[in-house]
Every structure is written in structure tokens, then in C-alpha cells.
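When reading the values below, keep in mind they use all heavy atoms of this one structure, side chains included, and skip hydrogens, waters and symmetry mates.
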Amino acid sequence: MEFDMLNLIMKRRSIRKFKDEKLTGEQIQELVNAGLLAPTSKNNKAVELIVVDDIDTILKLKDCRNMGTIGLQTAPCAIVVIGDSEKSDVWVEDASIAASYIQLRAEDIGLGSVWIQMRNRVSESDSSENEIRKLLNIPEKYGVLCILAIGYKNENKEAYTENDVEESRVHFGKYR
Ligand SMILES: Cc1cc2nc3c(=O)[nH]c(=O)nc-3n(C[C@H](O)[C@H](O)[C@H](O)COP(=O)(O)O)c2cc1C
């Protein structure tokens with residue numbers, strides 16, 4: 001069957017419950033490739049990824065933020081998406097595109113994922129970014145955008161349909 005990009009976009013939903021099954025090295029490589037081939041401003045490749053599949057460390061990552069992290073509770077794989085703020089003044093945009101590409105590739109290979117925001121978020125005692133930098137030994141110059149929790153889906157979410165497209169959010173010619 002012909003590959004249908006819009007169909008893939010409609011099928012991708014945030015998945016926050018995962019099966020107790022590890023990802024293979026090949027699957028992880030597929031995800032990493034999607035992220036590292038995403039476009040970056042001036043092609044300066046400011047985005048880097050930290051793949052974590054050690055469950056204890058994933059649970060410690062969960063504690064780096066005070067809420068919104070339930071997706072990390074059962075995830076067998078977490079990809080921390082970081083950007084070099086010295087290489088790019090738009091590392092947030094670069095890292096966001098990379099994260100989205102990874103999420104789409106995850107759906108494409110039969111996996112579920114959720115974006116867990118870390119930039120501008122806090123733990124009980126510090127910023128989430130500082131907590132993650134400490135935990136994973138990330139140099140100060142890197143911003144930490146988000147953690148993608150990824151694994152085999154253990155919940156069903158309906159795919160979007162064209163009825164979910166909010167036409168009021170698009171303006172033709174000028175804002176009206
Ligand atoms: C920038 C951004 C930040 C998000 N932060 C979180 C988060 O911290 N925790 C979470 O469980 N989901 C988070 N999400 C997922 C959204 O809640 C989700 O995409 C939205 O509710 C729409 O649902 P869908 O992904 O199933 O279409 C985030 C998504 C984006 C794009």
C-alpha cells in the first residue's frame with residue numbers, strides 16, 4: 001500500500017501506558033535516525049539525544065518534574081531531547097522538530113509515545129532542566145526540551161479524523 005503521511009499524522013496519539021517489553025536496538029536506531037535527520041536552523045545540528053533504557057534511571061527522570069510525567073512510569077525507553085544553546089539561538093525549534101519526527105517514526109513502526117515537557121518546568125526543588133542535567137551529566141550549555149516516553153502501546157486511543165480539523169484556526173489571505 002502507498003505510504004500515507006496524513007494517515008500517520010492522524011493515527012499518532014499521546015500514549016502514556018506501555019507494555020512491559022523492551023525495545024530492540026534496531027527500533028531505537030530507527031527512532032534516533034528520525035530525530036537526527038530532522039532539519040535544523042542553518043544546518044548547525046544543535047540537537048542531541050540521550051537514549052535511556054535503564055528502568056531505574058527512567059524513574060529518576062520522572063522525578064525531575066513535579067507533574068505531567070505519568071508516561072514515564074511504564075515506559076521501557078526514554079529519549080531526552082537536548083539542544084546546544086551555544087550552537088543555536090533557536091535550539092528550541094530545532095529540538096521540537098526532532099522530537100516530533102521521532103514521535104511520528106514511533107507511530108510508523110508500531111510504537112506509542114508521549115512528549116513530556118521539561119523546559120520551563122520544575123521539580124519539587126529545582127528546575128526540571130537542572131535536575132536532568134545533574135542526573136545525566138549534561139553540560140550546562142545544553143537546554144533540555146523534553147523527554148519522549150516510548151514503548152509498545154498499552155492503551156487504545158482513537159485516531160483523529162478530518163472532523164477533528166478545526167477550520168476556525170486557519171485564515172486565508174489575512175486574519176479574519
Ligand atoms: C510542547 C508539548 C508539551 C507537552 N507536555 C506534556 C507533558 O508534560 N506531559 C504529558 O503527559 N503530555 C504532554 N504533551 C502531550 C499533549 O498533552 C498532547 O499532545 C495533547 O493533549 C494532544 O493529544 P494527542 O497527542 O493524543 O493528539 C505535550 C505536548 C506538547 C506538544
Check your understanding: Side chains of Met118 and Leu145: does their closest heavy-atom pair fall under 4.5 Å?
Key -> no
inquiry  = Taking Val80 as the starting point, is it possible to reach Val92 by hopping between hydrophobic residues whose side chains are less than 4.5 Å apart?
reply    = no
| Under 4.5 Å between any side-chain heavy atoms of Lys153 and Arg16, yes or no? | no
Checklist entry - Counting distance only, does the side-chain N/O of Ser85 pair as donor-acceptor with the main-chain N or O of Lys141 below 3.5 Å? => result yes
Heavy-atom closest pair (Ala78 atom, Ile147 atom, distance to 0.1 Å) is CB-CG2, 3.8 Å
Margin query: Using a 3.5 Å distance criterion without hydrogens, assess whether the side chain of Glu26 forms a donor-acceptor pair with backbone atoms of Ile28.
Written below: no
Rounded to the nearest 0.5 Å, the CG atom of Leu23 sits from the CG atom of Leu111 at a distance of 5.5 Å
query = Are Pro39 and Tyr101 close enough that some pair of their side-chain heavy atoms sits under 4.5 Å apart?
reply = yes
Let me check something: do Leu148 and Tyr152 share a hydrophobic cluster, defined by ILVMFWY side-chain heavy atoms less than 4.5 Å apart, either directly or through other members? yes
When rounded to the nearest 0.5 Å, the distance separating CD1 of Ile150 from SG of Cys77 is 5.0 Å
Closest heavy-atom pair, Ile58 versus Val52, reported as atoms and distance to 0.1 Å, is CD1-O, 3.5 Å
CD of Glu21 to OG1 of Thr74, rounded to nearest 0.5 Å, is 13.0 Å
(message) Between Tyr160 and Leu104, is there shared hydrophobic-cluster membership here, with clusters defined by ILVMFWY side-chain heavy atoms closer than 4.5 Å?
(response) no
Nearest heavy-atom contact between Pro76 and Ile55 is CA-CD1, 4.1 Å
### Query
Are the charged groups of Lys134 and Glu129 less than 4.0 angstrom apart, N to O?
no
Expected output: side-chain Ser123 to main-chain Ser128 donor-acceptor under 3.5 Å: no
Are more than 12 heavy atoms from other residues, nucleotides or ligands located less than 6.0 Å from atom CG of Asn156? no
Q) Less than 4.5 Å apart, any side-chain heavy atom of Arg12 and any of Ile9? A) no
Task: Thr40 backbone acceptor or donor facing Asp94 side chain under 3.5 Å - done: no
Does any non-hydrogen side-chain atom of Ile79 lie less than 4.5 Å from one of Ile50? no
Exercise. Would you say the side-chain atoms of Arg65 pair up with the backbone N or O of Leu61, donor to acceptor, closer than 3.5 Å?
Worked result: no
### Task
Using a cut-off of 6.0 Å, state whether more than 12 heavy atoms not belonging to Arg169 lie near its atom CZ.
no
Under 3.5 Å, is there a donor-acceptor pair between the side chain of Asn33 and the main chain of Glu30? no
Q) Ile102 versus Leu31: any side-chain heavy-atom pair under 4.5 Å? A) yes
Glu155 and Lys17 have their tightest heavy-atom pair at OE2-N, 3.4 Å
Distance col, row Leu6:CG vs Glu162:CD, nearest 0.5 angstrom, shows 6.5 Å
(request) Run the salt-bridge test on Arg105 and Asp108 with the 4.0 Å N-O cut-off and return the result as yes or no. (result) yes
Is it true that, when you exclude Asp164 itself, more than 12 heavy atoms of the residues, nucleotides or ligands shown sit nearer than 6.0 Å to its CG? yes
Output for pair (Asn44 CG, Glu86 CD), nearest 0.5 Å, gives 12.5 Å
Residues Trp91 and Asp84: closest non-hydrogen pair is CB-O, 4.2 Å
Whether the side chain of Arg13 engages the backbone of Ala159 through a donor-acceptor N/O pair (distance < 3.5 Å, no angle test) should be reported. no
Under 4.5 Å between side-chain heavy atoms, hopping through other hydrophobics if needed: is there a path connecting Val47 to Ile97?
no
Do Leu49 and Val81 make a side-chain contact, defined as non-hydrogen atoms from C-beta onward lying under 4.5 Å apart?
yes
Within 6.0 angstrom of Lys87 NZ, more than 12 heavy atoms from elsewhere: yes
For Thr24 and Gln29, does a side-chain donor sit closer than 3.5 Å to a side-chain acceptor?
no
CD1 (Ile132) and CZ (Arg119) are apart, to the nearest 0.5 Å, by 13.0 Å
Q) Hey, quick one: are Ile138 and Leu36 part of the same hydrophobic cluster, counting side-chain heavy atoms closer than 4.5 Å, chains of contacts allowed? A) no
Okay, side chain of Asn66, backbone of Glu124: is any donor-acceptor separation there less than 3.5 Å? no
Discussion item. With heavy-atom distances below 4.5 Å as the criterion, would you say the side chains of Val122 and Asp126 are in contact?
Written reply: no
task = Look only at the side chain of Lys19 and the backbone of Gly151, and say whether a donor-acceptor pair between them is shorter than 3.5 Å.
result = no
Correct closest heavy-atom pair for Ala149 and Phe18 would be O-CZ, 3.5 Å
- Message: The test is side-chain hydrogen bond (donor to acceptor under 3.5 Å, both in side chains); show your working for Glu131 and Ser125 and say whether it passes.
- Response: CA-CA 9 Å; Glu131 296 278 21; Ser125 50; 3.2 Å; yes
Backbone N or O of Asp53 within a donor-acceptor pair of the Lys22 side chain at under 3.5 Å?
yes
